[in-house]
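Worth knowing before you read on, the calculation uses all heavy atoms, side chains too, and leaves out hydrogens, waters and symmetry mates. Atoms within a ligand are numbered from 1 in the order they appear, just like the ligands themselves.
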Amino acid sequence: MEPAISKTTIGFHHGKHLQTYVDNLNRLVAGTPMEKMSLKHLVADSDGALFNNAGQVLNHNLYFLQFTPHSKGMPDGSLALAIEKAWGSFENFKEEFVKAGTALFGSGWVWLTKDPSGELAIRTYANAGNPVKEALTPLLCFDVWEHAYYIDYQNRRAEHLKGLWNIIDWEVIGNRFDG
Ligand code: MN
């Protein structure tokens, strides 16, 4: 998935940062009724340290499972039509998405979301924020925490975000949209 995400970054991001959120979350829910709750429910219903760690586990699950080294480069089917309807063109959508992620101050995430009527939107949330908090379906997410890109791109966040388009698995995103 280089140059968008290097092996070193995956090692730290997936192997250390995500692992810490998973360990923290497991410790926080151990021996409580929350142990049996789905991650999505936990994120929707929690706050404080529990929300921060559950949110980051859910966010990173969605993040890491949306990549492929064999990206087709663009969506097709119903998702492609919905993006065209909302932003005029896929190119314009990509530009607006990167602009939103670049403008987000500090740490957080930029999302493509679907509301219950099927309408798409670009949203940004600080820190561990996730669209399920607002009853929106998360489709695509770019992590703009510095740990996601600093080893490879240093301060050049926009350049990293643009590089991610080369490794998006649009079949995964399309299934989230249709599902
Ligand atoms: Mn991250």
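In the hydrophobic clustering, where aliphatic and aromatic side chains (Ile, Leu, Val, Met, Phe, Trp, Tyr) are joined below 4.5 Å either directly or transitively, Tyr149 groups with Tyr150, Tyr153.
Around the Mn ion (ligand 1), protein N, O or S atoms at less than 2.8 Å number 4.
The closest side-chain heavy-atom distance from Thr20 to Asp23 is not below 4.5 Å.
Within a 6.0 Å radius of CZ in Phe12, no more than 12 heavy atoms belonging to other residues, nucleotides or ligands are found.
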Exercise answer: donor-acceptor pairs, residues 74-82 side-chain atoms, under 3.5 Å, sequence neighbours excluded:
| from | atom 1 | to | atom 2 | distance (Å) |
| --- | --- | --- | --- | --- |
| Asp76 | OD2 | Lys72 | NZ | 3.4 |
| Ser78 | OG | Asp178 | OD1 | 2.6 |

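Taking the centre of each ring, His60 and His14 stay at or above the 6.0 Å mark.
Sorted by first and then second residue, the salt bridge (charged side-chain N to carboxylate O under 4.0 Å, His left out) pairs with a member in residues 147-166 read Arg156-Glu159; sequence neighbours excluded.
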